[in-house]
Amino acid sequence: GDRTSITIPATGQLFLGVNDDGAGDNSGNYNVTFGGGAANSGNGGNIGRNRNAANGVPVAAATEWTPTGMIVRRGETIRFQSSGTVSLSGNTGDTAQPGGGGRKAVNAPLPNAPAGALIGRIGSGQPFLIGAQTAVEMPTSGILFLGINDDGFADNGGQFTVVVTR
């Protein structure tokens, strides 16, 4: 069949349908494959990169948001096993583990949480703290993204590895 590539301009949910005013007499199906691009700071990256959240999602400190590929439901409890250390600047002592570092970042998504802490968001919704917690109730439904609570990413290094399960 035809092969078409498109770039999605924003983070959120993608809905696919058939452009037909008389769908009642339709039959058959389409196969849709997502993939091909690299994660991109700011737009949530590429959902279809065969991520397996149960095997560990690499959350790079230099990337604003990393898609897990996991669709969660509001009120569902999701479990996290997080490990690793990230650097938050060129200062060798400015590091953090998933629970965060020793300072705050006033322009970070969660300015009152420790800089470098593991954070999440659903779709393009409000960020929430995960930190060193092992279980978090999801505030809404959609695709779960993970990130680092910081206000600048160009000078960051390292990554957390986060195993995400239901």
Side-chain angles (χ1 to χ4, degrees), residues 7-15 33-90 94-166:
T7 300
I8 307 300
T11 304
Q13 296 179 352
L14 173 65
F15 295 91
T33 304
F34 295 91
N40 184 336
S41 174
N43 76 358
N46 180 358
I47 301 297
R49 289 194 306 177
N50 297 323
R51 290 193 187 279
N52 186 341
N55 289 333
V57 176
V59 181
T63 302
E64 190 172 359
W65 292 106
T66 301
T68 64
M70 179 182 276
I71 298 173
V72 298
R73 293 180 311 276
R74 181 174 166 251
E76 178 179 22
T77 298
I78 299 297
R79 303 194 186 298
F80 300 91
Q81 291 178 311
S82 308
S83 62
T85 301
V86 297
S87 61
L88 303 174
S89 69
D94 192 14
T95 62
Q97 293 182 339
R103 65 174 177 88
K104 305 263 171 105
V106 296
N107 294 313
L110 297 173
N112 293 320
L118 179 66
I119 59 175
R121 92 174 178 200
I122 311 299
S124 59
Q126 293 297 311
F128 55 90
L129 180 65
I130 299 170
Q133 298 179 84
T134 58
V136 177
E137 185 176 312
M138 296 295 101
T140 189
S141 299
I143 297 171
L144 174 63
F145 290 81
L146 299 176
I148 307 293
N149 192 43
D150 200 7
D151 53 9
F153 299 91
D155 59 352
N156 290 359
Q159 70 179 31
F160 296 144
T161 300
V162 184
V163 176
V164 186
T165 55
R166 288 186 152 67

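All residue numbers refer to positions in the sequence shown, counting from 1. The shown structure was predicted, so the numbers you read here are calculated from the model rather than taken from an experiment.
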- Heavy atoms, side chains only, cut-off 4.5 Å: are Ile130 and Ile119 in contact? no
- Pair listing, side chain to side chain donor-acceptor pair (under 3.5 Å) test, anchored in residues 143-166, at least two apart: Glu76-Arg166, Asp150-Asn156
- Item | Test item: Pro127 and Trp65 side chains (from C-beta on) under 4.5 Å apart, heavy atoms | yes
- Query: Okay, side chain of Lys104, backbone of Asn112: is any donor-acceptor separation there less than 3.5 Å?
  - Reply: yes
- Task: Over all heavy atoms of both residues, which pair between Arg73 and Ser141 is shortest? Give the atoms and the distance, please.
- Result: CA-OG, 3.4 Å
- Less than 4.5 Å apart, any side-chain heavy atom of Thr77 and any of Arg79? yes
- Message: Could you check whether any side-chain N or O of Thr68 sits under 3.5 Å from a backbone N or O of Met70, counting only pairs where one atom can act as donor and the other as acceptor?
- Response: yes
- Message: Do Ile122 and Phe128 make a side-chain contact, defined as non-hydrogen atoms from C-beta onward lying under 4.5 Å apart?
- Response: yes
- Query: If we only count heavy atoms from C-beta on, is the Thr134 to Phe80 side-chain gap below 4.5 Å?
  - Reply: no
- Message: Treating Ser87 as the side-chain partner and Gly157 as the backbone partner, does any N or O pair qualify as donor plus acceptor under 3.5 Å?
- Response: yes
- Rounded to the nearest 0.5 angstrom, the CZ-CG distance for Arg121 and Leu144 is 10.5 Å
- Message: According to side-chain hydrogen bond (donor to acceptor under 3.5 Å, both in side chains), who are the partners of Ser89, at least two apart in sequence or on a separate chain?
- Response: Asp94
